[in-house]
Protein chains: 2
Amino acid sequence: MVAGIVQEPLINKGVKSRRDTAIAEDTVGTTQLDTVPEPKYWHLKTVLSEALDSEFSVGEILPNERDLAARFGVARATLRQALEQLELEGRLQRRRGVGTTVAPPRMGVAVGSEQHTWPGAVGDAWQLADCALAVPPSAVAKALETEPDEQVHIVRRSRVTHGQPVAAELLYIPAASVPDLSGIDAPSGAARARGVLRELQRLGLESQDRSVELGSARADDAKELDRLPGAPVLVVTTRFVAEGGTAAVSVATYRADTCRLTFGDAGGVEIHHDPERRAS
Amino acid sequence: MVAGIVQEPLINKGVKSRRDTAIAEDTVGTTQLDTVPEPKYWHLKTVLSEALDSEFSVGEILPNERDLAARFGVARATLRQALEQLELEGRLQRRRGVGTTVAPPRMGVAVGSEQHTWPGAVGDAWQLADCALAVPPSAVAKALETEPDEQVHIVRRSRVTHGQPVAAELLYIPAASVPDLSGIDAPSGAARARGVLRELQRLGLESQDRSVELGSARADDAKELDRLPGAPVLVVTTRFVAEGGTAAVSVATYRADTCRLTFGDAGGVEIHHDPERRAS
DNA sequence: GAGTGGTCTAGACCACCGC
DNA sequence: CGGTGGTCTAGACCACTCC
């Protein structure tokens, strides 16, 4: 669409001008009848998105919010609304006290292959944290078919990819699924977690089903994922079926900003999803 | 946790009090040292979430934002931050000009069974809309292994569950995948879409892989999904492999607020995910 | 301490829905 | 038309990070 002509930068990085390319000028001549006036933050998001494509590279830091807002002639809250959307789409990364940087493309994270495996099988991507005995949330208890006040083993694991934490998981395992824990000395910690998973793997896994939904990070997950509480996450719930019943339930919380969950036979689908260009 | 004692309502629905149960009083005696003062909107979200559980039923409408803000003694923007989170988590539904209502639990939406099938196979959940010939976005072109400026068939479909639109899809099919379209008269529309899919189904499907990521609704998708532009969506990208190459790519946009995507052997996992009670 | 993003306020006006 | 949520403003202060 844009011809090969020299373009004014959408954002003057170094120098501070009164305002850079006022929004009112719109992007080129939109020729659109003002039937439905788009919100400012939406325009802004589009302009910023294009600027990110053409004028910034991954990891580069943007001007701060106050500057950007002034340059575009909008209130900071309005600018922030645009930045929030871009962050939600994985285009930006913001860190308090540091600044806003251009995010790398989302990484593909494999979530379960066709062949069914128990958690903790060789070569899986998870790192054991610890293990405790506690009453699960009622929704999980129902799936496990345990009494609402019955304690189960809860194994915490975390997943790191490319040196970055991407997911935190809670694995709920009823005592009935791991009947013989006599060989395990450790009362808690990674050693015990390892032991519990080893016992679990003795069962024959019949099937597993999974669901994915949007959620927001609880305080503890947020901390582990190096995000603020409330950050958007993809919650992957897996039910492991063995011997006719639910042997375990896993609730894994993935960073929605940096992760693209991949399923299926081969590796990841290599389509980097650019929201502004999805249509034909 | 809450004993069987009579509780003050967290929200007085009918009557307007100066403010209902000030936030400062916190939820019961939290006994927590004020080491890390939680943001107001986070407290608010918790309180509202509990109120939704105990005092409201699905479909019930909440007091309007100005009232609620006044009752809790916060600015409307702060209240809205809490409501936004609850909407993101699928607990609330807000409609401009109407009000805020309590959302039903997210519906499980099956996204592909273990056995691979072409889109348009008998009994799939999609409804054909139309078909056009156009140049796909570059990311899709790369996955299809077509030239960047090569036109492909683009079939639009939509998915309705329980009378509600849940997803909009764009199916990209290179001309090479459907070599013989001679039997199809219609130049466009649902009839042509049907014909193109029928041709596609003649190929042997070898495998398919899928990815899921968070996105925000484009204007046209938003309209079809009955949401505002920018609404959070789960973008499911599927690559269909046949005869050693990519025969088609599907980009499906699901409403993140109302849908829980389910995968796997059996039906849906029946864990309704309540974010506030995920931990033990 | 200086600079960043995160939270919060108290207003205002607009777009939309139903009556 | 009145009432709803959606957008926007111009401030303020706070929490955090880095120097």
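Throughout, a chain's letter reflects where its sequence line sits, starting with A, and its residues are numbered from 1. Predicted model only: the values in this text are computed from it and were never measured.
- Atom CG of Leu79(B) is separated from atom P of dA10(C) by 14 Å (rounded to the nearest Å).
- Within the nucleic acid shown, Leu83(A) has no heavy atom closer than 4.0 Å to any nucleic acid atom.
- Comparing dC8(D), dG5(C), dT9(D) by their nearest atom to the side chain of Asn64(A) picks out dG5(C).
- Note on Thr78(A): a side-chain N or O is less than 4.0 Å away from OP1 or OP2 of dT9(D).
- Computed from coordinates, the Leu62(B) CG to dG3(D) P distance equals 19 Å when rounded to whole Å.
- Judged as a salt bridge (charged side-chain N to carboxylate O under 4.0 Å, His left out), and not counting sequence neighbours, the contacts of Glu224(B) are Arg156(B).
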Hey, mind stepping through Glu89(A) and Ser49(A) against side chain to side chain contact (heavy atoms under 4.5 Å, CB included) and telling me if it holds? CA-CA 10 Å; Glu89(A) 292 171 8; Ser49(A) 182; 5.9 Å; no
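- Protein atom NZ of Lys40(B) is 13 Å distant from nucleotide atom P of dA15(D), rounded to whole Å.
- With hydrogens and angles left out, the side chain of Arg66(B) and the base of dG5(D) share a donor-acceptor pair within 3.5 Å.
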Enumerate the protein-to-nucleotides 17-19 of chain C contacts in which both atoms are nitrogen or oxygen and the separation is below 3.5 Å.
none

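- Across the helix from dG1(C)-dC18(D) to dG18(C)-dC1(D), the helix axis at one end is tilted relative to the axis at the other end by 10° (nearest 10 degrees, each axis from five pairs).
- As rounded to whole Å, 11 Å separates atom P of dG6(D) from atom CG of Leu92(B).
- Atoms CG (Leu228(B)) and P (dG5(D)) sit 13 Å apart, rounded to a whole Å.
- Between the P atom of dG11(C) and the CD atom of Glu65(B) lies a distance of 17 Å, rounded to the nearest Å.
- Counting only residues at least two apart or on different chains, the side chain to side chain donor-acceptor pair (under 3.5 Å) pairs with a member in residues 159-170 of chain A are Arg157(A)-Glu169(A), Arg159(A)-Tyr254(A), Glu169(A)-Ser250(A).
- Close to dT4(C), at under 4.0 Å from its OP1 or OP2, lies no side-chain N or O of Thr100(A).
- For Arg76(A), no side-chain nitrogen or oxygen approaches OP1 or OP2 of dT9(D) to under 4.0 Å.
- Going from atom OG1 of Thr100(B) over to atom CG of Asn64(B) covers 8.5 Å, rounded to the nearest 0.5 Å.
- Listed by chain and number, the residues in a side chain to side chain donor-acceptor pair (under 3.5 Å) with Arg76(A) are Glu65(A) (sequence neighbours excluded).
- Among the candidates Arg94(A), Arg91(A), Arg227(A), the single residue satisfying the side chain to side chain donor-acceptor pair (under 3.5 Å) test with Asp257(A) is Arg227(A).
- For Pro39(B), whose side chain is taken as the heavy atoms from C-beta onward, the closest listed nucleotide among dT7(D), dG5(D), dT7(C) is dT7(C).
- Evaluation of the salt bridge (charged side-chain N to carboxylate O under 4.0 Å, His left out) rule for Asp226(A) yields no partner, not counting sequence neighbours.
- Atom CG of Leu44(A) is separated from atom P of dT7(D) by 13 Å (rounded to the nearest Å).
- One finds a side-chain N or O of Tyr41(B) lying less than 4.0 angstrom from the OP1 or OP2 phosphate oxygen of dT7(C).
- For the pair Arg80(A) and dG6(C), the criterion of a side-chain N or O lying under 4.0 Å from OP1 or OP2 is met.
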Using the side chain to side chain contact (heavy atoms under 4.5 Å, CB included) rule, take Val251(B) and Val236(B) through it: C-alpha gap first, then chi angles, then the decisive distance, then the call. CA-CA 6 Å; Val251(B) 178; Val236(B) 180; over 6 Å; no
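- Taking 4.0 Å as the cut-off between side-chain N and carboxylate O, Asp221(A) and Arg218(A) count as a salt-bridged pair.
- Among the nucleotides dC8(D), dT9(C), dG6(D), the one closest to the side chain of Arg94(B) is dG6(D).
- When the P atom of dC14(D) is taken as reference, atom CD of Glu38(B) falls 19 Å away, rounded to whole Å.
- Using modelled atom types and a 3.5 Å distance limit, the side chains of Thr78(A) and Gln81(A) yield no donor-acceptor pair.
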